[in-house]
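What follows is a set of notes on a single structure, which appears directly below.
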Amino acid sequence: MIRKIVLSVILFLFMVAGLCWYFLLTPTKDIHNVSIKTTDHPVIVLVIDSLMDQPLRKAIDEGKAPALEFLMTHGQYLPEVVSSYPTMSVTIDSTLLTGTYADQHKIPGLSWFKQDENRLISYGGGKREMWNLGGKNVLNDGLIQLNKTHLNKNIPTIYEELEKSHIQSASINGLIHRGNHAHRLHIPTLVSKMNLLPHEVEINGPVLLSMGSLSQFNPENNQYNHVWQSMGINNQFTANELIYFIQKDKLPAFTLAYFPDFDQQVHDHGPKEQKGIEEVDKQLQTILNAYSSWDEAIQKAIWIVHGDSGQSAVINDRKKALIDLNTLLDEYTFWNPDQPSDKELALAVNERMAYIYLEDERINLSDISSKLKKEARIGFIAWKKDNISHVIAADSDKPFTFSPNGPYRDWYGQSWDLNGDLSILDLSINEQNKINYGDYPDALSRLYGALHSHEGQYIIVDAKPGYEFIGTHSPDHVGGAAHGSLHKLDSEVPLIIAGTDQKPKNHRLIDFKDWLVKLTK
């Protein structure tokens with residue numbers, strides 16, 4: 001889902017204006033001026049957006065993904081690693097880089113309502129949504145505020161954690177990249193003159209920070225950073241930057257590189273889409289070819305390849321597939337940027353999940369939840385009251401509540417107090433009071449994280465497989481695929497580890513940070 005980052009706003013504006021020629025020349029940063037301490041076994045993390053187990057296995061079985069097959073057969077393969085929640089890129093990336101869920105890292109989703117500023121935050125979604133919120137706001141939030149103020153300053157990222165031990169890092173096309181080194185972005189003059197961004201934008205990241213044409217090192221990437229190529233937020237740009245670091249002997253101890261292209265292909269064609277895996281494998285082949293042999297590559301470095309979220313099919317019938325929250329709650333007024341004070345509810349739609357904010361104190365939460373409960377396409381409805389999480393569903397007449405610290409323990413060592421209908425979240429308890437998760441992996445901790453991720457009184461709605469939420473300006477993926485939900489179809493991703501026999505404590509992205517830091521040290 002990295003394709004939706006705020007750079008797409010600039011892309012859209014300049015395509016409309018016909019100013020694509022401006023990006024034909026992009027200044028590059030001189031890597032020779034950066035002092036890098038190389039290491040014998042650097043850790044290289046390759047995040048392939050929307051990579052899923054079944055199409056990956058099929059591509060390998062058909063001999064169409066030799067690089068991924070090589071890493072898999074010479075390493076470890078874990079097909080069902082649990083992602084974060086909501087299963088949207090900014091929240092997932094924040095979990096990966098901080099080792100926490102949203103209740104601690106404080107990035108609730110791609111879209112959320114910031115109560116103290118009375119506005120909807122979006123880090124980049126559909127074009128209609130971005131136009132409605134204003135390109136300037138979306139750009140500022142995604143390029144600057146996301147890492148500077150929204151991401152919890154008290155929770156260090158991997159980059160910051162490693163820096164404490166004087167260990168250097170690199171981020172290539174990562175949206176979450178907060179580190180200890182200041183970097184100046186290349187902001188096009190026309191963008192600053194349109195008052196979308198200041199001419200000088202300084203952000204913090206690891207010692208090497210590459211972000212498409214805004215911050216690049218490899219001069220040959222000028223042919224892959226044009227407006228029609230998402231300004232360098234693409235697989236080939238990512239691969240070329242990584243190869244450049246390797247060839248110039250400037251690869252630091254830890255590098256995280258994002259490959260965003262496959263996400264859009266899955267959105268368009270559905271979860272069985274395989275062509276994008278074959279394409280990213282070709283780029284991975286060129287990376288491995290930067291060494292004298294592929295065997296040398298896994299001897300000289302630790303390679304970690306994984307997806308960020310899955311995607312589930314959206315049925316090919318617009319009336320059935322799309323759950324229109326404006327229509328479902330049409331007796332209420334909704335927040336909009338033109339009349340921000342005249343509202344009873346606010347919506348933040350994250351594809352297959354959404355936040356519904358109660359902005360008028362006179363509105364009874366039970367009135368909203370009872371209306372939502374009538375919609376059979378919603379898998380569950382959840383909200384918090386004090387420290388108790390409440391969950392209901394159309395399929396159950398009995399509610400379910402849970403809170404941390406109780407007599408029941410799950411397989412991750414987390415203890416919970418549970419009451420009511422466990423089947424709403426497909427939970428079961430064995431004779432040893434052990435919690436088993438079904439269709440919603442690590443459901444309690446992930447849902448608790450979202451319910452405590454930011455201020456305000458809000459309800460979470462989560463769609464059943466096949467369906468997707470929309471608001472007034474939301475994009476949709478009818479006939480394709482979408483993510484965002486707590487369901488395992490959106491939440492389980494594959495992991496390949498080569499070059500080490502170590503693996504994370506649990507098969508969850510939240511456990512990656514500690515594992516990666518130990519591997520790097």
Side-chain angles (χ1 to χ4, degrees), residues 84-95 98 100-125 129 133-134 137-138 140-142 144-155 157 176 178 325 329 332-337 339-350 353-369 372 380-391 401-404 444-462 469 471 484 486 510:
S84 188
Y85 180 69
T87 41
M88 304 297 278
S89 61
V90 287
T91 302
I92 299 165
D93 296 350
S94 299
T95 290
T98 67
T100 66
Y101 283 141
D103 57 315
Q104 295 186 57
H105 65 60
K106 300 300 180 183
I107 304 298
L110 187 70
S111 178
W112 57 285
F113 193 80
K114 199 168 191 306
Q115 191 175 52
D116 61 344
E117 297 179 11
N118 190 32
R119 69 186 184 96
L120 188 68
I121 303 290
S122 175
Y123 301 117
E129 182 180 63
L133 296 175
N137 290 332
V138 177
N140 181 63
D141 286 331
I144 302 172
Q145 302 308 325
L146 171 59
N147 285 275
K148 184 178 181 180
T149 63
H150 297 169
L151 185 67
N152 189 347
K153 295 179 181 179
N154 297 319
I155 305 292
T157 66
I176 305 294
R178 195 182 67 200
L325 292 171
L329 301 169
Y332 298 96
T333 58
F334 290 89
W335 178 94
N336 71 76
Q339 297 176 308
S341 60
D342 182 22
K343 87 286 189 185
E344 295 173 310
L345 302 178
L347 293 179
V349 177
N350 289 274
M353 78 83 72
Y355 294 105
I356 301 172
Y357 299 84
L358 280 64
E359 292 298 296
D360 189 327
E361 294 179 355
R362 295 170 295 181
I363 297 176
N364 195 324
L365 188 149
S366 62
D367 291 339
I368 303 295
S369 61
L372 296 169
F380 66 81
I381 302 140
W383 65 92
K384 69 175 185 293
K385 187 175 182 181
D386 299 323
N387 200 39
I388 306 295
S389 300
H390 299 255
V391 192
T401 63
F402 69 96
S403 59
L444 300 174
S445 187
R446 294 199 297 147
L447 180 55
Y448 180 90
L451 286 169
H452 294 80
S453 59
H454 57 301
E455 298 299 320
Q457 185 178 29
Y458 54 85
I459 296 171
I460 287 176
V461 285
D462 196 282
F469 294 107
L486 193 69
I510 194 174

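- Contact annotation: the side chain of Arg178 never approaches that of Leu146 to less than 4.5 Å [non-hydrogen atoms, C-beta and beyond].
- A donor-acceptor pair is defined here as one N or O able to donate and one able to accept, closer than 3.5 Å; such a pair exists between the side chain of Asn152 and the backbone of Gln104.
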Let me see the working for Leu120 and Ser111 under side chain to side chain contact (heavy atoms under 4.5 Å, CB included), right down to the final yes or no. CA-CA 7 Å; Leu120 188 68; Ser111 178; 3.8 Å; yes
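- With sequence neighbours excluded, the residues forming a salt bridge (Lys or Arg N to Asp or Glu O under 4.0 Å) with Asp360 are Arg362, listed by chain and number.
- Heavy-atom minimum distance, Arg446 versus Ser84: NH1-O, 2.8 Å.
- Put simply, CE on Met88 and CD1 on Ile92 are 8.0 Å apart, with the number rounded to the nearest 0.5 Å.
- Heavy atoms only, all atoms of each residue included: Asn118 and Trp335 are closest at O-NE1, 3.3 Å.
- By the side chain to side chain contact (heavy atoms under 4.5 Å, CB included) test, Gln115 pairs with Glu359, Glu455, sequence neighbours left out.
- Remark: Tyr101 OH to Tyr448 OH distance equals 14.0 Å, nearest 0.5 Å.
- For the pair Asp386 (side chain) and Ile388 (backbone), a donor-acceptor distance under 3.5 Å is absent.
- Leu151 is listed as a side-chain neighbour of Thr157, based on a closest heavy-atom distance under 4.5 Å.
- Across all their heavy atoms, Ala450 and Tyr458 have their closest contact at O-OH, 3.0 Å.
- The closest donor-acceptor contact from the side chain of Asp462 to the backbone of Leu486 lies under 3.5 Å.
- With rounding to the nearest 0.5 angstrom, the CD1 atom of Ile107 is 10.0 Å from the OG1 atom of Thr100.
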Apply side chain to side chain contact (heavy atoms under 4.5 Å, CB included) to Lys106 and Asn154, showing your working. CA-CA 11 Å; Lys106 300 300 180 183; Asn154 297 319; over 6 Å; no
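- When the shell of 6.0 Å around CD of Glu361 is examined, it contains 12 or fewer heavy atoms from other residues, nucleotides or ligands.
- Between the CG atom in Leu358 and the CD atom in Gln457 there is a gap of 5.0 Å [rounded to 0.5 Å].
- Residues Tyr355 and Pro86 meet the side-chain proximity criterion, which asks for heavy atoms closer than 4.5 Å.
- Annotation: side chain of Ile356 is in contact with side chain of Leu347 (closest heavy-atom distance under 4.5 Å).
- Ring geometry for His454 versus Trp112: interplanar angle over 60°, hence perpendicular rather than tilted (30 to 60°).
- Counting only heavy atoms from C-beta outward, the side chains of Ile176 and Thr98 never approach each other to under 4.5 Å.
- Legend: residues meeting side chain to side chain contact (heavy atoms under 4.5 Å, CB included) with Ala102, ordered by chain and number and at least two apart, are Thr91, His105, Ser453.
- Annotation: the span from Leu329 atom CG to Leu372 atom CG amounts to 5.0 Å, rounded to 0.5 Å.
- The nearest pair of heavy atoms linking Val349 to Gly471 is CG2-N, 3.9 Å.
- In this structure, NZ on Lys114 lies 9.0 Å from CD on Gln145, to the nearest 0.5 angstrom.
- When all heavy atoms are compared, the tightest approach of Asp141 to Ser122 is CB-O, 4.2 Å.
- With a 4.5 Å cut-off on side-chain heavy atoms, Leu325 and Phe334 do not count as touching.
- The shortest heavy-atom contact between Gly109 and Val90 is O-CG2, 3.3 Å.
- Side-chain contact annotation: Asn350 with Tyr85, donor-acceptor N/O pair under 3.5 Å absent.
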